[in-house]
Protein chains: 2
Amino acid sequence: MDNKYLTIYRDFAERIESGQLRVRTKLPSEHELTQLYGASRETVRKALNLLAENGYIQKVKGRGSFVLGVNRFEFPVSGLVSFKELAARIGKESRTRLVSLETVAPNRELADLLHIRANQPVWEVVRTRTIGGETIILDKDYLRRDLVPKLTKAICEDSIYEYLERTLDQSISFAKKVITVEEPTPEDQDLLEMKGYPMIVVVQNHVYLEDATLFQYTESRHRPDKFRFVDFARRHQ
Amino acid sequence: MDNKYLTIYRDFAERIESGQLRVRTKLPSEHELTQLYGASRETVRKALNLLAENGYIQKVKGRGSFVLGVNRFEFPVSGLVSFKELAARIGKESRTRLVSLETVAPNRELADLLHIRANQPVWEVVRTRTIGGETIILDKDYLRRDLVPKLTKAICEDSIYEYLERTLDQSISFAKKVITVEEPTPEDQDLLEMKGYPMIVVVQNHVYLEDATLFQYTESRHRPDKFRFVDFARRHQ
DNA sequence: AACCGAAACCTGTATAGACAAGATAAGAGT
DNA sequence: ACTCTTATCTTGTCTATACAGGTTTCGGTT
């Protein structure tokens with residue numbers, strides 16, 4: 001109904017992901033798409049540019065748009081998707097276990113990361129993720145209490161993102177990820193099946209709302225042998 | 001001169017990166033920008049959307065565009081930038097050393113990765129990167145020989161990307177990155193100052209040209225303590 | 001059959017205008 | 001002083017049109 005260009009975008013994204021449109025297939029020309037969807041050319045182009053930016057198609061001047069095979073068969077840890085969305089895509093049996101859920105006073109470092117005062121309480125959520133029978137991810141979330149009044153065991157074991165967007169109507173807008181490798185802490189050793197691996201992959205996530213306020217800081221700690229990050233990037237200019 | 005919207009984009013990107021435009025500053029409205037640059041509103045919007053997509057600004061409906069402070073003070077390993085471009089940005093003393101440069105017949109795995117036949121020769125370039133006095137990155141590049149006829153020591157120690165774009169006029173269009181963590185090989189131990197670290201971060205890079213042909217496969221092997229990957233992602237929809 | 005050039009088709013950039021909807025500021029009335 | 005309404009400013013979506021510059025096609029010439 002609303003958002004014509006997103007409709008076109010989702011239409012093709014779905015058809016490409018499902019394999020209905022095969023790799024190297026030529027999409028209809030922009031002119032043909034305007035007639036197919038009853039939209040103007042600029043609207044069609046907006047959809048096509050989104051598809052190109054996300055790695056679905058490649059646009060070639062004078063020739064047309066072609067389906068890329070880059071993104072399929074990969075689960076994108078890139079971008080902004082919650083663990084639940086991710087697990088659903090790869091189709092593997094996965095489970096989230098809540099380790100602890102409490103409100104704490106942030107230490108210096110954390111207060112600095114969240115841009116809040118040291119007396120402002122925050123939620124601390126510690127969860128482990130089990131995939132394929134092995135507990136390999138430790139997630140530590142810190143959320144601003146003033147923005148998230150209520151948080152329960154059930155919500156944490158389902159999806160915090162979903163709760164935020166559905167119930168609280170807080171829209172997540174963008175995030176900054178930082179990936180580093182560190183030595184595992186005793187906590188890592190305790191909660192994860194480290195199997196003697198001497199290092200751990202740390203994905204720090206700074207999550208922002210639409211008004212650009214930072215409201216969540218997440219540390220996702222992965223056992224190195226099971227870690228895999230996929231990124232698609234275009235060279236602009 | 002050409003590309004009005006890129007001019008506007010670069011103008012603001014530069015001003016934000018240099019700190020001339022401070023965080024939380026409100027940009028002129030789209031209407032004001034049309035008059036400032038003598039451009040139409042759609043052209044201005046194209047520039048602003050690019051800025052938003054790359055993490056420079058946040059657009060808020062009904063209010064305006066505001067400078068974000070997310071991307072500054074970070075060197076983006078994300079996106080598509082060559083090591084030379086990267087080293088220039090962080091300003092640290094860095095050096096590239098060529099270990100070997102030869103044409104080889106690809107093994108099964110490599111031929112598969114590059115989508116070529118096993119009898120088609122490829123360039124194998126092995127280089128080490130030294131930053132701040134420590135040799136911490138091992139780069140192994142494989143390029144299709146039919147697309148890159150000549151390759152010399154001087155080119156490899158400068159920047160292969162620059163050579164491709166300037167001399168051969170081959171435009172790099174997009175890339176797929178995969179980050180994993182592995183055990184170091186004897187070659188890693190031999191060429192890098194591993195300092196006893198038992199793991200190595202492997203960044204696999206599949207680089208494509210504008211006609212979507214895969215022409216380069218790169219494996220960048222980083223000592224774990226010096227590895228850092230930064231990513232900015234927007235949640236669309 | 002091979003070559004060349006013009007037409008037709010395709011995407012890239014840019015413009016001007018229209019309406020919707022969110023946010024703010026000003027003003028009227030209480 | 002306070003509240004509610006209204007006007008104004010702002011961004012989001014969409015349309016129609018124009019020209020530039022690549023790519024392909026096709027027909028005529030050699």
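None of the values given here were measured: they were computed from a predicted structure.
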Is there a side-chain contact (heavy atoms from CB on, under 4.5 Å) between A:Val67 and A:Arg22 once you walk through the steps?
CA-CA 7 Å; A:Val67 177; A:Arg22 249 178 296 181; over 6 Å; no
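- Rounding to the nearest 0.5 Å places CZ of A:Arg127 at 12.5 Å from NZ of A:Lys153.
- Atom pair B:Lys4:NZ and C:dT13:P shows a separation of 13 Å (rounding to whole Å applied).
- Rounded to an integer number of Å, the gap from CD of A:Glu53 to P of C:dG12 is 13 Å.
- Taking the side chain to side chain contact (heavy atoms under 4.5 Å, CB included) definition, one finds that B:Thr218 meets it with B:Asp141, B:Asn205, B:Gln216, sequence neighbours left out.
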Polar atom pairs (N or O), protein with nucleotides 23-27 of chain D, under 3.5 Å:
| residue | atom | partner | partner atom | Å |
| --- | --- | --- | --- | --- |
| D:dT23 | O4' | A:Gly62 | O | 3.4 |
| D:dT24 | OP1 | A:Arg63 | NH1 | 3.3 |

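- We find that B:Glu30 and B:Lys59 are joined by a salt bridge, their nearest charged nitrogen and carboxylate oxygen being less than 4.0 Å apart.
- Here C:dA14 presents its C1' atom at 11 Å from CG of B:Asn3, a figure rounded to the nearest Å.
- Classification of the B:Phe12-B:Tyr37 ring pair by plane angle, with boundaries at 30° and 60°, yields tilted.
- Taking atom CD of A:Glu210 as the reference point, atom P of D:dG12 lies 10 Å away to the nearest angstrom.
- Proximity of residues 27-40 of chain A to DNA chain C (heavy atom under 4.0 angstrom from any strand atom) is restricted to A:Ser29, A:Glu30.
- Taking the salt bridge (charged side-chain N to carboxylate O under 4.0 Å, His left out) definition, one finds that B:Arg15 meets it with B:Asp11, sequence neighbours left out.
- Across every non-hydrogen atom of A:Gln58 and B:Ala212, the tightest pair is CG-CB, 4.2 Å.
- Distance B:Ile57 CD1 to D:dG12 C1': 14 Å, rounded to the nearest Å.
- Distance check, rounded to the nearest 0.5 Å: CD1 of A:Ile155 to CG of A:Leu98 gives 11.0 Å.
- Close to C:dA14, at under 4.0 Å from its OP1 or OP2, lies no side-chain N or O of B:Tyr5.
- Aromatic ring pairs are classed by plane angle as parallel below 30°, tilted from 30° to 60° and perpendicular above 60°; the pair A:Phe232 and B:Phe174 is tilted.
- The interatomic distance linking B:Leu6 (CG) with C:dG12 (P) rounds to 13 Å, in whole Å.
- Taking a 4.0 Å limit (strictly below) on heavy-atom distances, residues 42-50 of chain A reaches DNA chain C at A:Glu42, A:Arg45.
- Put simply, CZ on B:Arg41 is 6 Å from C1' on D:dT11, counting in whole angstrom units.
- Judged as a salt bridge (charged side-chain N to carboxylate O under 4.0 Å, His left out), and not counting sequence neighbours, A:Arg145 has no contacts.
- Here the CG atom belonging to A:Leu50 is positioned 11.0 Å from the CD1 atom belonging to A:Ile8, to the nearest 0.5 angstrom.
- Between the NZ atom of A:Lys59 and the P atom of D:dG21 there is a distance of 18 Å, rounded to whole Å.
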